[in-house]
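Report on the structure given below.
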Amino acid sequence: MGQLYVPTLKETPSDVETKSHEYLLRGGFIRKVAAGVYTYLPLGRRVLLKVENIVREEMDRIGAQEILMPIIQPAELWKRSGRWDDYGPEMMKLKDRHGRDFTLGPTHEEIVTELVKDEVKSYRQLPLVVYQIANKYRDEIRPRFGLLRAREFIMKDAYSFHSSWESLDEVYELFKKAYSKIMERLGVKYTIVEAESGAIGGSVSHEFVIPARIGETNVLYCDRCGYQASDEKAEYRGEYPATDEEEKNLEKVPTPGIRTIEEVSNFLGVPPSKIVKSLLYKGRDGYVMALIRGDLELNEAKLKAYVKDQSLRLATPEEVLEDFGVPIGFIGPIGVDVRKVADHSVRYLKNFVVGGMEEDTHYVNANQPRDFRVDEWCDLRTVVEGDPCPVCGTPLKATKGIELGHIFKLGTKYSEAMGAYFMDEEGRLRPFIMGCYGWGVSRTVAAVVEQFHDEDGMIWPLTIAPYRVVVVVVNVGDEEQRTMGEKIYRALLERGEEVVLDDREVSPGFKFKDADLIGFPVRVNVGKSLKDGFVELKKRYSRDVVKVSVRNGLSEFFEALERIKMEYDPKEMLR
RNA sequence: CGGGGAGUAGCUCAGGUGGCCAGAGCGCCAGAAUCGGGAUCUGGAGGUCGCGGGUUCAAGUCCCGCCUCCCCGACCA
């Protein structure tokens with residue numbers, strides 16, 4: 001271990017926020033180069049490679065074929081798919097010496113579609129599934145939490161091409177199984193949730209999430225029927241009963257300086273549930289007004305998905321003032337000529353309050369369709385803990401998690417945009433039906449630490465531990481200990497074990513602390529009990545020490561080690 | 001991008017009202033003694049005080065500009 005490049009840190013760097021970040025840094029696995037950009041040191045690299053290999057094996061097993069696509073991608077392809085603007089600010093863009101635009105690939109749908117388009121011409125060649133494990137670049141608004149949200153990261157991305165939806169469904173299921181298998185091999189606790197497809201596009205989507213306090217995916221789940229969905233996707237299917245309240249006369253009232261729902265509610269003495277929130281969004285095709293009951297939260301992801309425009313964003317106060325002549329806070333649906341999309345919660349509301357479309361005024365007793373027309377009705381409501389499960393009606397529960405895998409049924413979005421067609425049985429040209437499947441490889445490293453650690457450091461599962469065994473020579477001044485340590489080390493190496501020998505001339509405590517921080521699953525202490533012919537074996541997460549005799553050779557030791565490895569399961573410590 | 005904070009030794013940080021203030025602990029190097037939970041002692045190396053400009057006899061310290069990093073909000077593997 002003296003030779004190993006593992007610069008461990010006793011003190012916590014000041015800018016870490018999460019345990020995985022702290023321990024990976026302190027344990028000498030990674031070092032930061034810039035915000036969201038890291039170097040992997042030998043231990044980090046080893047873990048990364050192990051995760052990669054698990055993912056690779058499971059991909060190969062379902063017939064996906066590994067390829068490698070370029071990181072640098074010409075803008076032209078992205079303009080053709082329409083995502084140069086949609087993905088826009090998140091892309092790391094650059095120009096070559098001739099001034100041509102390029103991007104460091106945030107994902108590879110464009111490249112792969114372009115590739116297959118030129119090579120695959122017949123339904124006979126389908127389905128085709130390819131994948132790669134490569135660096136991805138996303139200029140995140142705010143990189144955070146070390147490897148969990150980096151700007152340069154390693155992802156496995158797979159793409160499938162089909163001649164029929166049935167074939168896509170089959171492959172989609174294969175990926176679902178493969179991803180579950182990866183989770184199982186990592187030995188982590190995980191859940192599969194229904195998800196929104198976001199900027200990738202497409203219809204059906206699932207996320208593979210591991211629960212964690214610092215997770216950024218909010219998961220809603222039902223104890224009773226097993227429904228699980230991300231908060232971006234979770235549907236609201238509750239009832240909005242009609243009332244027999246009579247429609248009163250529309251009235252414009254002065255509301256000086258009263259802008260927020262809360263202020264309006266207090267000022268007019270009306271509950272938030274009788275106010276309709278009007279939000280102006282700006283997208284590719286101009287303005288969209290979204291309407292929802294005042295006591296509910298609008299789910300932007302649902303709105304984007306509904307209008308099929310990922311570039312949609314809330315209009316700025318300046319834009320609203322300029323284009324509508326009204327400060328935000330007073331905008332409303334009456335007398336405004338924009339596309340209006342309303343949440344179902346607005347449907348049977350009677351005599352509600354909306355903005356007056358004039359500074360310092362609101363309308364009271366508004367009613368639709370009498371006073372304004374809603375163009376489309378849909379579900380825009382953010383589902384929260386306690387809302388009814390859309391499947392069985394039981395109140396939902398909420399938790400947070402880290403998204404490791406995300407699979408999508410894309411359909412023909414990219415193939416149509418990129419003009420990628422094949423010829424079917426009847427000799428007709430048809431666009432490929434596609435699926436895409438991502439797995440955050442570098443994020444997995446951090447997520448596993450997030451799930452398995454204690455106050456002393458990381459606790460690696462055997463499957464991805466940088467080394468499985470550390471042999472600690474407690475007192476290197478003791479000739480006998482040193483000799484036995486080396487003997488055991490060499491014997492383990494010969495048996496193909498991934499092992500390191502810690503014979504550094506530092507105090508025993510120092511070596512124990514390092515071993516715990518790094519999280520070797522099994523520690524072998526060659527210490528004072530060697531006098532009586534024993535060495536000790538210890539699982540990282542357990543206090544128990546097993547003494548085995550090495551007086552008559554190492555066979556007893558090997559047996560004990562195998563037994564410990566069989567039993568080893570960091571999930572034991574999760575309770 | 002908006003709001004808040006920070007850049008001084010490899011790491012964690014002190015000094016900040018201008019001048020005998022270039023500092024501590026840890027780490028590193030040499031040595032001593034020691035060896036079951038980051039021990040101890042002695043000696044030593046190590047800094048463009050983020051960068052650029054300005055004010056001043058004198059600037060980590062005051063002023064201006066810039067850069068980087070971190071935290072809180074909208075994005076995603």
Side-chain angles (χ1 to χ4, degrees), chain A residues 7-17 21 25-26 31-37 51 55 86-91 106-108 133-158 179 195-200 205 207-210 215-217 230 232 300-301 304 310-314 316-317 402-408 436-447 456-457 472-478 481-482 504-517 523 525-530 536 538 543 545:
Chain A
T8 55
L9 268 25
K10 181 147 69 170
E11 281 162 302
T12 306
S14 56
D15 54 1
V16 308
E17 201 66 11
H21 192 191
L25 235 27
R26 283 185 51 206
R31 284 292 182 265
K32 184 171 76 178
V33 175
V37 180
V51 174
V55 172
D86 258 23
Y87 228 108
E90 214 170 295
M91 294 199 287
T107 173
H108 284 72
I133 296 174
N135 280 4
K136 292 283 183 291
Y137 297 82
R138 294 187 190 169
D139 196 1
E140 296 284 347
I141 301 160
R142 188 144 85 85
R144 218 188 325 196
F145 302 150
L147 262 30
L148 285 176
R149 173 169 239 74
R151 292 195 294 176
E152 177 183 82
F153 59 98
I154 299 170
M155 178 163 118
K156 186 282 303 174
D157 47 326
Y179 276 24
E196 190 48 65
S197 41
I200 307 290
S205 167
E207 286 178 30
F208 289 72
V209 170
I210 87 168
E216 297 180 272
T217 299
S230 80
E232 296 188 343
E300 222 167 79
K304 284 180 181 174
Q310 289 299 322
S311 66
L312 207 67
R313 58 169 177 78
L314 214 47
T316 65
I402 299 167
E403 175 189 348
L404 289 189
H406 201 159
I407 59 180
F408 307 83
C436 81
Y437 319 86
W439 186 280
V441 172
S442 47
R443 174 180 281 184
T444 299
V445 175
D456 292 316
V472 176
V473 177
V474 178
N475 179 1
V476 288
D478 181 327
Q481 287 185 22
R482 224 178 46 229
R504 291 175 297 174
E505 292 184 39
V506 292
S507 70
F510 194 99
K511 285 178 277 202
F512 294 152
K513 285 286 186 189
D514 261 2
D516 286 351
L517 177 61
R523 192 173 86 204
N525 293 336
V526 183
K528 59 189 174 191
S529 52
L530 186 62
E536 300 151 359
K538 185 184 164 300
R543 298 216 172 284
V545 170

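Below, read A as the first sequence line, B as the second, and so on, with proteins coming before strands; counting in each chain starts at 1.
Side-chain N or O atoms of A/R151 include none that pairs as donor or acceptor with a backbone N or O of A/D139 at under 3.5 Å.
Figure legend: A/R523 and A/F512 shown as a cation-pi pair, the cationic atom lying under 6.0 angstrom from the six-membered ring centre and within 45 degrees of its axis.
For A/D516, the side-chain atoms get nearest to B/G37 when compared with the rest of B/G37, B/C72, B/C1. Considering only the side chain of A/F510, B/G38 comes nearest among B/A74, B/G38, B/C75.
Counting distance only, with no hydrogens placed and no angle test, the side-chain atoms of A/R523 and the base atoms of B/G37 include a donor-acceptor pair under 3.5 Å. One N or O donor and one acceptor, one from the side chain of A/D514 and one from the base of B/G38, sit under 3.5 Å apart. Between the base of B/G25 and the side chain of A/E11 there is a donor-acceptor pair shorter than 3.5 Å. Not a single donor-acceptor contact under 3.5 angstrom links the side-chain atoms of A/D456 to the base of B/G37. For A/E536 against B/G36, a side-chain N or O and a base N or O form a donor-acceptor pair under 3.5 Å. One N or O donor and one acceptor, one from the side chain of A/R443 and one from the base of B/C76, sit under 3.5 Å apart.
Phosphate proximity of B/A77 to A/R149: absent, as no side-chain N or O sits under 4.0 Å from OP1 or OP2. Between A/S507 and B/G38 there is no side-chain polar atom (N or O) within less than 4.0 angstrom of OP1 or OP2. Between A/R138 and B/C75, a side-chain N or O to OP1/OP2 separation shorter than 4.0 Å is absent. One finds a side-chain N or O of A/R144 lying less than 4.0 angstrom from the OP1 or OP2 phosphate oxygen of B/G73.
Remark: B/C35 base-pairs with no nucleotide; criterion is Watson-Crick or G-U wobble with both hydrogen-bond distances under 3.5 Å. B/C1 and B/G73 make up a base pair, with Watson-Crick or G-U wobble contacts both under 3.5 Å.
For the pair A/L314 CG and B/C1 C1', the computed distance is 14 Å after rounding to whole Å. The distance from atom NZ of A/K32 to atom C1' of B/A6 is 12 Å, rounded to the nearest whole Å. A/R31 places its CZ atom 10 Å from the C1' atom of B/G10, with the value rounded to the nearest Å.
With P as the reference atom, B/C28 and B/C69 are 29 Å apart, rounded to whole Å. Taking atom C1' in both B/G60 and B/A6, the straight-line distance is 14 Å, to the nearest Å. Here, B/C63 and B/C1 have their P atoms 25 Å apart, quoted to the whole Å. B/G37 sits 26 Å from B/A30 when the P atoms are compared, rounded to a whole Å.
With centres under 5.5 Å and a plane angle under 30°, the ring of A/F153 is stacked against the base of B/A77.
Using a 4.0 Å heavy-atom cutoff across all strands shown, A/L404 reaches sugar-phosphate atoms only and no base atom.
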